[in-house]
There are 2 protein chains.
Amino acid sequence: MKRHGTQNLKMIGVRDLRDINQTIFLHLVRDRQPISRADIVKATGLQPGTVSAIVNRLIKEKLIYEGIEGPSSGGRRPKYLHVNAESAYVLAIDLGVKESIYAVSDFNGRILTQKSVLTEGDPEKFLRSLSREIHALVRTQYPRARVEAVGVSVPGLVDRAAGTLIVSPNLGWRAVPVRALLEEELELPVYVENDANAAAFAELWYGPLDEVSARTLLCVLVVEGLGTGLIINGELHVGTSIGLGGFGHMSMDPKGMTCSCGRRGCWETFASDRATLDRYRRLSKSKTRVRAVTELIALAGQGDAAALETIKVTARYLGEGIASLAHGLSPEVVVIGGEITGAWPIIGPIIEGCIKSNYIVPPISFKVRPSSVLRPSLFGAIPIALQHCFGGGRDKQTNHVKVPQSFLNSGSRTPARFS
Amino acid sequence: MKRHGTQNLKMIGVRDLRDINQTIFLHLVRDRQPISRADIVKATGLQPGTVSAIVNRLIKEKLIYEGIEGPSSGGRRPKYLHVNAESAYVLAIDLGVKESIYAVSDFNGRILTQKSVLTEGDPEKFLRSLSREIHALVRTQYPRARVEAVGVSVPGLVDRAAGTLIVSPNLGWRAVPVRALLEEELELPVYVENDANAAAFAELWYGPLDEVSARTLLCVLVVEGLGTGLIINGELHVGTSIGLGGFGHMSMDPKGMTCSCGRRGCWETFASDRATLDRYRRLSKSKTRVRAVTELIALAGQGDAAALETIKVTARYLGEGIASLAHGLSPEVVVIGGEITGAWPIIGPIIEGCIKSNYIVPPISFKVRPSSVLRPSLFGAIPIALQHCFGGGRDKQTNHVKVPQSFLNSGSRTPARFS
DNA sequence: AATCTTTGTCATCACCCTTAACTAAGTAGT
DNA sequence: ACTACTTAGTTAAGGGTGATGACAAAGATT
């Protein structure tokens with residue numbers, strides 16, 4: 001126990017101030033590019049001189065560059081600024097239960113290349129061969145690129161500090177030193193995060209946050225299992241360094257089915273993709289094996305009553321779980337990710353109705369919507385890697401960049417749904 | 001008010017920097033007084049010169065003062081610094097279902113006077129007569145005191161921005177403009193907060209946090225109802241401006257009893273004081289009416305088997321709920337407040353055991369303990385009022401001071417349990 | 001007494017944002 | 001074409017922050 005004599009209080013200096021502002025600044029440019037210095041002045045309230053100074057610094061560091069001039073609006077024409085997409089590349093890996101996806105992203109967080117492989121075999125062997133494949137791809141397709149970091153999203157319990165996967169019931173893995181393995185093969189800094197947390201992070205970067213200044217965002221990721229990630233004050237909430245998959249194992253019914261975690265009636269046993277497919281199997285008695293929720297949605301679209309009913313029930317369970325959590329967290333936005341969101345026209349109204357009837361005061365103060373990206377856990381791995389580059393507001397303990405809360409108030413010009 | 005186009009991004013300037021550091025500084029002195037400048041140098045890592053400068057500033061503002069000299073440790077003797085307890089007083093009001101307590105506190109957060117009254121009658125009339133009583137007390141007992149603010153903790157749903165109580169099922173109140181009423185009578189700024197959130201805030205100020213650098217703290221307040229408050233990164237988490245009472249209305253059993261909120265099987269229907277007393281009534285069939293959990297604990301101590309069993313069952317429900325939440329929040333500390341904690345020797349082991357058997361990975365990464373103060377919702381109202389004085393790191397939206405996360409790493413010298 | 005250690009002050013510095021005057025380059029009215 | 005005005009961006013001086021290092025004060029150690 002470090003008592004006296006040790007420095008346990010951190011004051012901030014002008015240097016921290018600069019770093020923080022520079023981070024906000026970079027995010028602003030990234031979010032609204034192309035943007036002129038004058039726009040930045042308006043958006044930040046900074047003085048023109050300060051803006052010029054910071055811009056020049058960032059240009060010197062090659063993080064942004066000056067593009068063409070924009071149209072005049074009654075005066076001198078503005079010079080557009082862009083973040084230098086080539087200044088750094090990152091790798092994103094999304095380890096899924098059936099298939100894993102990896103992607104190369106530029107500094108803007110846009111995916112350049114994306115490939116998927118089947119997740120199979122011994123974890124260590126799989127990760128090694130996967131990273132060799134990635135390494136080869138980078139060497140051939142992006143020989144001159146400056147790849148800076150790797151973000152990995154994993155469906156399970158991770159030790160964020162050590163970069164290991166402690167256990168993943170759905171993946172069937174246990175004690176896998178993900179970071180060590182990948183860093184050895186790729187020779188890049190690796191950041192490991194829970195998939196639901198990554199999904200929440202994705203919403204923070206790619207989501208259309210113009211409608212609401214989200215201080216609190218809850219992300220429910222429905223895949224093989226069910227996890228939740230929490231954004232609080234524009235920051236990914238990670239409690240201890242051990243990152244569990246959120247409220248998926250919240251008990252909803254003491255007499256419910258046994259969960260992969262050993263308890264009974266976890267939310268996951270009601271609303272995860274596996275639970276949904278199991279329910280369909282029991283309900284339909286058809287011989288055709290439905291392997292994915294997308295197939296189920298297709299069936300429902302073709303008039304399969306059992307499929308439709310199955311989806312509706314899942315929606316109800318999702319709504320009930322969200323209602324429970326909303327009481328405790330008072331989020332402004334609840335985002336749902338996963339294949340099930342493909343049936344949003346069906347499930348959306350049900351979820352909202354379910355929340356409405358369960359909510360303590362009828363005018364619901366939050367919004368529920370599907371995720372902005374199709375595979376949130378993959379897209380979330382990108383900013384997780386990018387935070388390595390966006391130096392400055394870096395938290396040593398959590399290894400996550402803090403996007404300042406105020407930043408979220410900015411109107412995002414990102415398209416509604418990425419591919 | 002110059003509405004500059006869209007200034008929605010807030011950069012920080014040197015002024016903010018100073019305010020933030022000064023707030024940290026004040027908290028440090030408050031927490032470890034008496035403390036010398038040299039101690040502060042060691043604790044903060046600041047330069048001696050800087051420390052002297054800030055100390056002088058604070059002395060000039062009468063927020064702290066220089067006391068006697070301390071013992072030498074081989075050199076010049078240090079001059080002790082204290083926060084000026086008389087520099088400002090605040091009022092704290094805890095509206096309870098049966099009785100309400102109000103208190104006068106000094107700048108150190110120590111209660112000088114404390115009185116309790118029965119909560120009865122029409123809300124508006126009650127609040128008016130209560131505030132007149134408080135006003136009289138302040139005028140007679142503290143005629144010269146500089147009373148700065150009022151903190152109110154309410155067992156119900158509050159609109160933090162408006163300072164109103166939207167609804168409190170347990171109190172039977174609805175749409176009470178608490179702030180407006182009190183500000184009119186007391187002529188002081190009034191801050192209204194949910195009782196469970198206040199309790200969490202109390203733990204932040206009075207709790208012995210030296211053992212753990214709490215980034216996330218969950219406070220479960222068990223009173224007539226059951227609420228939770230959440231501290232994240234040293235900050236009270238308030239989602240939207242509407243503050244619900246936390247996870248008390250998390251559904252645990254779809255076939256459970258009907259709750260005051262209208263739903264079924266809320267956590268509150270299992271583990272709140274009312275639920276506990278109801279359960280005892282059903283179990284014991286004795287004619288003696290037990291009105292408070294303290295009485296129940298006394299009975300258990302006298303060998304009443306039914307009382308003991310009742311308490312044990314409540315403990316189990318508490319443990320189960322905490323286990324559910326812990327998976328989602330990964331807290332470092334879970335604090336339980338309320339009369340039930342009087343039976344900690346009984347309930348503590350049960351709760352821990354219950355969590356252990358329900359937790360996904362056996363080595364529990366958090367600690368469960370009773371609250372540091374006897375009536376956490378009252379004690380929480382004090383810092384809620386004090387944040388009005390601790391200028392600087394004040395958040396306009398939530399009206400709560402942000403105790404910087406780093407501050408929490410400091411060793412607290414506060415006694416373990418306040419009276 | 002001489003020397004060392006601890007505590008605290010002072011003047012000076014580097015750095016960040018602010019202020020305000022300035023240049024640059026366009027539009028609109030006459 | 002000329003003037004007046006608007007918008008965009010630069011530059012230099014200035015205020016305020018914590019950092020730095022020399023120094024003074026006061027007691028302990030030898």
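Hydrogens, waters and symmetry mates are skipped; everything else that's a heavy atom, side chains included, is used. The chains referred to below are lettered A, B, ... by the order of the sequence lines, with proteins before strands, and numbering in each begins at 1.
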Quiz item: CG of B:N56 versus C1' of C:dC10: gap in Å, rounded?
Solution: 11 Å

Quiz prompt | Nucleotide nearest A:Q47 when distance is taken to its side chain, options D:dG18, D:dG9, C:dT19 | solution = C:dT19

Quiz item: Does B:S36 have any side-chain hydrogen bond (donor to acceptor under 3.5 Å, both in side chains) partners at least two apart in sequence or in another chain, and if so, which?
Solution: B:D39

Quiz item: Over how many whole Å does the gap from B:D39 atom CG to C:dT6 atom P extend?
Solution: 13 Å

Solution key, residues 78-88 of chain B side-chain donor-acceptor pairs under 3.5 Å, sequence neighbours excluded:
| unit_1 | atom_1 | unit_2 | atom_2 | d |
| --- | --- | --- | --- | --- |
| B:N84 | OD1 | B:E86 | N | 3.3 |
| B:N84 | ND2 | B:K62 | O | 3.1 |
| B:S87 | OG | B:N84 | O | 2.8 |

Quiz item: C:dT7 C1' sits how many Å from B:L81 CG, rounded?
Solution: 12 Å

Quiz item: What ring-ring contact (aromatic ring centres under 6.0 Å, His included) pairs are there with at least one residue in residues 40-63 of chain B, not counting sequence neighbours?
Solution: none

Quiz prompt | Partner set under salt bridge (charged side-chain N to carboxylate O under 4.0 Å, His left out) for A:E66, not counting sequence neighbours | solution = A:R37

Quiz item: Taking only residues two or more places apart in sequence or in another chain, which ones pass side-chain hydrogen bond (donor to acceptor under 3.5 Å, both in side chains) with A:R146?
Solution: A:E148

Practice problem: Give the rounded distance in Å between these two atoms: CZ of A:R37 and C1' of C:dA25. | Solution: 15 Å

Scan nucleotides 11-16 of chain C against the protein and return all N/O pairs shorter than 3.5 Å with their distances rounded to 0.1 Å.
| unit_1 | atom_1 | unit_2 | atom_2 | d |
| --- | --- | --- | --- | --- |
| C:dC16 | OP1 | A:R18 | NE | 3.1 |

Exercise. May I ask you to decide if B:V190's main-chain N or O and B:E183's side chain share a donor-acceptor pair within less than 3.5 Å?
Key: yes

Exercise. May I have the distance from A:D16 (atom CG) to C:dC17 (atom C1'), rounded to whole angstrom?
Key: 15 Å

Quiz prompt | Gap between atoms CD1 and C1', on A:I40 and D:dA8 respectively (whole Å) | solution = 12 Å

Practice problem: Name all residues meeting the side-chain hydrogen bond (donor to acceptor under 3.5 Å, both in side chains) criterion together with A:N108; count only those two or more places apart in sequence or in a different chain, and write none if there are none. | Solution: A:Q33

Exercise. Starting at atom NZ of A:K79, determine the distance to atom C1' of D:dT7, rounded to an integer number of angstrom.
Key: 13 Å

Quiz item: Quick one: B:I20 CD1 to D:dG16 P, roughly how many Å, whole number?
Solution: 18 Å

Exercise. Would you please name every residue forming a side-chain hydrogen bond (donor to acceptor under 3.5 Å, both in side chains) with A:R76, sequence neighbours left out?
Key: none

Self-check item: Heavy atoms of other groups near B:R57 CZ, more than 12 under 6.0 Å
Solution: yes

Quiz prompt | Closest-nucleotide ordering on DNA chain C, the 5'-leading residue of A:P48 and B:S36 | solution = B:S36

Return the polar atom pairs (N/O with N/O) between nucleotides 26-30 of chain C and the protein under 3.5 Å, or none.
| unit_1 | atom_1 | unit_2 | atom_2 | d |
| --- | --- | --- | --- | --- |
| C:dG26 | N2 | A:G74 | O | 3.3 |

